[in-house]
Amino acid sequence: PAREGPHCTGERSTAWFFHQRMIIAQRFLNHTHTHNTTTQQHTHTFSHTQMNGQRVVVVGGGIVGCSVAYFLAQRGVAVTLVERTDIAAAASGKAGGFLARTWGSGDTVELSEKGFDLHEELSKTLGLSSFRKLVTLNADGSRAGKPGSLTHGAAWLEGGVLATSLMDKNTAQVTPAEITHALWQAAAAKGATLVKQAVTGVKTAPAVAAAEAGKGGKAKRAGGGGGGSRDGSSGEGRTVERHVAVTHVQLGNGEELAADVVVFAMGPWSVLVEDWLGCRVPMEGIKSTSIVYKEGRATLEKPFALFCAEDRNGCHLEVYPRPNGEVYVCGCGGSDYVKGARLRAGGDCEAADKVHADPARVKAAHASMVSMLPAITSAAAATAAGKTEGSTSAAAAAGAGADAKASVKGAVAGGPDVTQACMRPCPDDGQPIMGLVPDTTNAYLCAGHNCWGILWGPASGKAMADLVLARHGGSENGDVDGDDEDGSSCFVDLRPFSPRRFMPRAAARGRAKQHEQVGEQW
């Protein structure tokens, strides 16, 4: 499965990926597609649904978690969002925000198509300023090209070594930080609350599913012992009884947050659910560098998204001019594959604020930009020179030393205004993980969206809200099955993305009712 892709930083197998991009572009030009774009249509007009005062806790303040909170809050559900650092502190604040409706394949076709359409709808509902349609081009920085009819008048594409060709006319973009914050603010306006704490574990208790619990398929929590703390400790902490319910979310300050339903949407840190609930979450964080130039106003008149071929600096840049005049650049190369202890307490990437840019990749990406898009980098250099002219005089007047002079020289030379890094959550099979955590009655995973987290985030959040309401609250019109454990009738069919697909399959040769063994087994 592909580990890399549009709108976030990262490196790819260059020959393969560029070949695939050319194939995609040709399909668009020929109006032919190899995948079946006809997907099952679902209707989900939920009435105002009460969950009988049940408390839903969403863990993770990225676009996925905020989308879950938003769609639940819009339907009258009491939601608490727990976020360790800040809203949009990780990839949801540092991604490119590229949106493509028809780039999905196989199980992700519906997710991509509905995700794209939902972004356009939300841009109006939330009053976003950064959403817009734009054309995407293939770009090759190894040879010079002449402006064609499509790029005629786009002066920012001229002056460097860059040849372009059409890739897709029907793409769009949004600034991830804007939509993520807007989703949360809208959820908060409906009563959702924010707790800024790290989650260190969960408490569970035995639970039995009620045979006749009403339309919502609600579960009754069993009393008595047998539960316990799931904090990632060895031994008993990793043993989970069949059919447990999470009763509390444990916080870094020692407090415990009572919960009737928990949705884990922690991006690459969702692997911690392995420690807390004993399920498999085979995923790693792909840590990559991105840069931003704030003086890109030359792109405003005729903007394009660019997918560049690999260059001599080891970059295969993706360039996204934004409606506010900034230019976001990723594909800087040199991605770091982060997993295991590095994502856990004490690891170098245990939290979003510990994920930093690689200076070598910043230098390489800027060098590529200077060669291909000098109109952008020269504007940045001119701005830096203007800002530092006064600083030079002030430093000289104050008798500044060599360090200050070197800093001024670097600023005048120009460079990106923002250097940053984030991690894309990438499961082993490249597919998102969404659905009920196996052997639990009220814990859900919604993570692993790889390089399409921004495109898929809102649609995933809406589908997860459907699933939670179906299993714990129900809907008056009954359009989502109350026994829909894996989400076949949600906004997006969640069955292909179920966490159950990673569970070991024991040989069961007796009778079974779907996933449940019935009678004697041999």
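Separating the NE2 atom in H449 from the SG atom in C426 is a distance of 12.5 Å, to the nearest 0.5 Å. Summarising the geometry, atom CD belonging to Q431 is positioned 5.5 Å from atom CG belonging to D107; distances are rounded to the nearest 0.5 Å. In this structure, OG on S498 lies 8.0 Å from CG on L436, to the nearest 0.5 angstrom. Here the CG-OG distance, from L162 to S142, works out to 9.5 Å after rounding to the nearest 0.5 Å. The CH2 atom of W184 sits 6.0 Å away from the CD1 atom of I87 when rounded to the nearest 0.5 Å. Rounding to the nearest 0.5 Å places CD of E284 at 4.0 Å from CD1 of I286.
Checked for salt-bridge contact, R132 and E120 miss the test: no charged N lies under 4.0 Å from a carboxylate O. With salt bridges taken as basic N to acidic carboxylate O contacts below 4.0 Å, one links D140 and R143. A salt bridge links R501 with D429: at least one charged nitrogen is closer than 4.0 Å to a carboxylate oxygen. A salt bridge does not link R84 to D353: none of the charged nitrogens lies less than 4.0 Å from a carboxylate oxygen.
A donor-acceptor contact shorter than 3.5 Å links the side chain of Q173 to the backbone of P321. For the pair E178 (side chain) and S130 (backbone), a donor-acceptor distance under 3.5 Å is present. A donor-acceptor contact shorter than 3.5 Å is absent between the side chain of R297 and the backbone of G325. Counting only distance, with no hydrogens or angles, the side chain of R344 and the backbone of G340 share a donor-acceptor pair below 3.5 Å. Looking at K462, its side chain never comes within 3.5 Å of a backbone N or O of Y70 through a donor-acceptor pair. Here the side chain of E326 pairs no donor or acceptor atom with the backbone of K294 at under 3.5 angstrom. Of the possible donor and acceptor atoms, none in the side chain of T108 sits under 3.5 Å from a partner among the backbone N and O of G104. S488 places no side-chain N or O within donor-acceptor distance of the main-chain N or O of R495, the cut-off being under 3.5 Å. Put simply, the side chain of Q197 never gets that close to the backbone of V82: no donor and acceptor are under 3.5 Å apart. When atom types are taken as modelled, the side chain of T299 and the backbone of G296 share a donor-acceptor pair closer than 3.5 angstrom.
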### Message
What verdict does the side chain to side chain contact (heavy atoms under 4.5 Å, CB included) test give for L81 and C66, after you've listed the backbone C-alpha separation in whole Å, the side-chain angles of each residue and the deciding distance to 0.1 Å?
### Response
CA-CA 8 Å; L81 182 72; C66 288; 4.1 Å; yes
### Message
One pair to check against side-chain hydrogen bond (donor to acceptor under 3.5 Å, both in side chains): H366 and T377. What are the steps and the verdict?
### Response
CA-CA 8 Å; H366 180 61; T377 56; 5.8 Å; no
#### Entry: Criterion side chain to side chain contact (heavy atoms under 4.5 Å, CB included) on D348 and K354, from CA distance to verdict
CA-CA 7 Å; D348 64 307; K354 291 191 174 184; over 6 Å; no
### Full working for side-chain hydrogen bond (donor to acceptor under 3.5 Å, both in side chains) between S368 and D311
CA-CA 7 Å; S368 296; D311 58 44; 2.8 Å; yes
#### Entry: Verdict with reasoning, F264 to L277, per side chain to side chain contact (heavy atoms under 4.5 Å, CB included)
CA-CA 11 Å; F264 298 102; L277 291 172; 3.9 Å; yes
### Task
Step by step, work out the ring-ring contact (aromatic ring centres under 6.0 Å, His included) result for W103 and F307.
CA-CA 14 Å; W103 288 26; F307 277 70; 5.7 Å; yes
### Task
Assess whether side chain to side chain contact (heavy atoms under 4.5 Å, CB included) is satisfied between D117 and R101, documenting all intermediate values.
CA-CA 8 Å; D117 296 343; R101 190 179 192 277; 2.9 Å; yes
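Closest approach of A463 and L494 over heavy atoms only: CB-CD2, 3.9 Å. Shortest non-hydrogen contact noted between P323 and L300 is O-CD2, 3.4 Å. Taking all atoms of both residues into account, the shortest heavy-atom contact from M464 to G435 is SD-N, 4.0 Å. In terms of heavy atoms, V437 sits closest to C279 at CG1-SG, 3.7 Å. Here the closest non-hydrogen pair linking A90 and C422 is C-CB, 4.2 Å. The minimum heavy-atom distance between L137 and L166, with the atom names listed, is CD2-CA, 4.0 Å.
Looking only at side-chain heavy atoms (C-beta outward), V492 and S460 stay at 4.5 Å or farther from each other. Between L317 and M372 there is a side-chain heavy-atom pair separated by less than 4.5 Å. Under the 4.5 Å side-chain criterion, counting only non-hydrogen atoms from C-beta, F502 is in contact with I433. No side-chain heavy atom of T151 sits under 4.5 Å from any side-chain heavy atom of K302. Two residues are said to be in side-chain contact when any heavy atoms from C-beta on lie closer than 4.5 Å; H119 and I454 meet this criterion. Contact of the P425 side chain with the M283 side chain is registered, since non-hydrogen atoms from C-beta on lie closer than 4.5 Å. With contacts defined as side-chain heavy-atom distances shorter than 4.5 Å, the pair V273/M266 qualifies. Put simply, the side chain of P432 reaches to within 4.5 Å of the side chain of L111, judged on heavy atoms.
No side-chain N or O of T102 forms a donor-acceptor pair with one of E113 less than 3.5 Å apart.
Aromatic ring centres of Y320 and F304 lie farther apart than the 6.0 Å criterion allows. A ring-centre distance under 6.0 Å is not found for F116 and W452.
For K339, the NZ atom is loosely surrounded, since the number of other residues' heavy atoms within 6.0 Å does not exceed 12.
Figure legend: cation-pi geometry between K287 and Y337 absent, as NZ or CZ is not positioned both under 6.0 Å from the six-membered ring centre and within 45° of its axis.
Legend: residues meeting side-chain hydrogen bond (donor to acceptor under 3.5 Å, both in side chains) with D86, ordered by chain and number and at least two apart, are absent.
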